[in-house]
Trainee: 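Take this structure, written in structure tokens, and hold onto it; I'll ask about it next.
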Amino acid sequence: MRHRTIIEPFRIKSVEPIRLTTEAERVDALREAHYNPFLLDSDKVIIDLLTDSGTSAMSVGQWAGVMVGDEAYAGSRSWKRMERAVHELTGMEHVLPTHQGRAAERIIYGTLGGAGKVFIANTHFDTTRANIEFSGARAIDIPIAEGLDPAFEHPFKGNMDVVALERLLTEHGSAVGAVILTVTNNSGGGQPVSLGNAAAVSALCKRHGVRFLLDCCRIAENSWFVKHREPGMDGLTYREIAQRMFALADGAVMSAKKDALANMGGFLALREHALAERCTNLLIITEGFTTYGGLSGRDMEAIATGLEEVFDEHYLEYRIRSTTFLGDHLHAQGVPLMRPIGGHAVYIDAKALYPRIPVHEYPGQALVCELYTLAGIRCVEIGSVMFGTYDAAGALVPASMELVRLAIPRRVYTQSHIEYVAETFEEVLRRRDAVRGLRILREPRFLRHFSAQFEPVAP
Ligand code: F0G
């Protein structure tokens, strides 16, 4: 018999209670958090879809690794395991452990960046862009046009526009610090990048003598899409597909908090010796010695095991199909979504959901607040709160899309949790004309979505 139901391919051995709050409690909590869910206590959240980063449930194999972690300062056995796991996956000789992805970003973009430099990506994730801009360099996004139309169906909306890439490489020449493919494209809807696109990007970079880096934190999920959507790939394993993509790149930055199924960690992997040496100097000054970076031995064990487990075909099938399950339910209800459904999250098109809320009143943030109030669901705006800037006259220059991301932690929630989320949208749709936008009261200069304070606009 072939079942329609995709079961979670694991048993639950340890549980963490969820405190069920009332709507009245949540109204108060949201006001106290200045309408920014990053400022909410996690105890007041029922279903936490803020991020899939560092929120995975670890396996028995990973917990067993935690117990045998070698905490030696130098030459740790656990480091050897992690180094081998990264080396075998990426094929890259130099592996630098870091405490999370953005530390690896700071090291590589701090080294390659600086005033006058330009970085080009399918879409820079927010911490990537922030690290590049912090160095004084510029970050340019060139997703394919299809990737910017939420409702448009395309198998690889994470792809880079290679025509624009060629033009930019010619225009900026040696000022290009690196070209980056983020797989899957987190800020562009969790959409995959095809191996064909990565090969085209790689070839252009080689021709122009520019480095090509992968932001590979969701590379296993990306491999699932390549295997099932890209012609000729079906005969390869998920791991082989990932290895082919790494083979095209000169380096990779990974947040191990995603597809390494760990709660903390990251790495920078490089082929070039001289660049690795420069980065290693920064690593030792700011993260730690080369055999642990910012990590404890037990973290490195969890990462090494996670990098193996994540390519398991049953795990990946469950992972992608369960994200799609939520997306399909919302789509059937008529919720406007980024289509097709991505790997780690469902992205709602808040501009289409709330056409009466102008972009400068942040329709995405309004939906984030609505989901928390109605059901204790926490999620994040990926739109003009996260990526908006101001022009010289102080007017908002909006982001290209107003999305809200429901990110699914790995191996954490069951089908009934996800059904609860889907059911909440029935009420979201019923109340869609009553929802108000927000205005920003306070904001920091970088990464403002983490700590900005809002208030609802008057009716
Ligand atoms: N690159 C991408 C594509 C990411 O999604 C993230 C983190 C990072 C780099 C930075 O890694 O958090 O370990 O420092 N994304 C999280 C998210 C925060 O919620 O999507 P980090």
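All residue numbers refer to positions in the sequence shown, counting from 1. Ligands are counted one by one from 1 in listed order, and the atoms in each one are counted from 1 as well. Both backbone and side-chain heavy atoms feed into the values below; hydrogens, waters and symmetry mates do not.
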Trainee: Taking NZ, NE, NH1 and NH2 as the nitrogens, is one of them in Glu221 or Lys258 under 4.0 Å from a carboxylate oxygen of the other?
Mentor: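 No, Glu221 and Lys258 are not salt-bridged.
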Trainee: Report the residues that fulfil salt bridge (Lys or Arg N to Asp or Glu O under 4.0 Å) with Glu309, sequence neighbours left out, ordered by chain and then residue number.
Mentor: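 Arg411.
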Trainee: Which residue pairs pass the salt bridge (Lys or Arg N to Asp or Glu O under 4.0 Å) test when at least one of the two sits in residues 280-295, sequence neighbours left out?
Mentor: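 Sorted pair list: Arg106-Glu287.
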Trainee: Using heavy atoms and a cut-off under 4.0 Å, could you grab the residues that are in contact with ligand 1, chain by chain, numbers ascending?
Mentor: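 Correct list: Thr51, Ser53, Gln100, Gly101, Arg102, Glu105, Phe125, Thr127, Thr182, Asn186, Asp215, Cys217, Arg218, Ser255, Lys257, Lys258, Arg405.
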Trainee: Is Arg410 salt-bridged to Asp52, going by a charged N under 4.0 Å from an acidic O?
Mentor: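 The answer is yes: the pair qualifies as a salt bridge.
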Trainee: Any salt bridge (Lys or Arg N to Asp or Glu O under 4.0 Å) pairs touching residues 149-162, not counting sequence neighbours?
Mentor: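 Qualifying pairs: Glu153-Arg339.
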Trainee: What distance do Phe212 atom CZ and Ile120 atom CD1 have between them, rounded to the nearest 0.5 Å?
Mentor: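 Rounded to the nearest 0.5 Å, the CZ-CD1 separation comes out at 12.0 Å.
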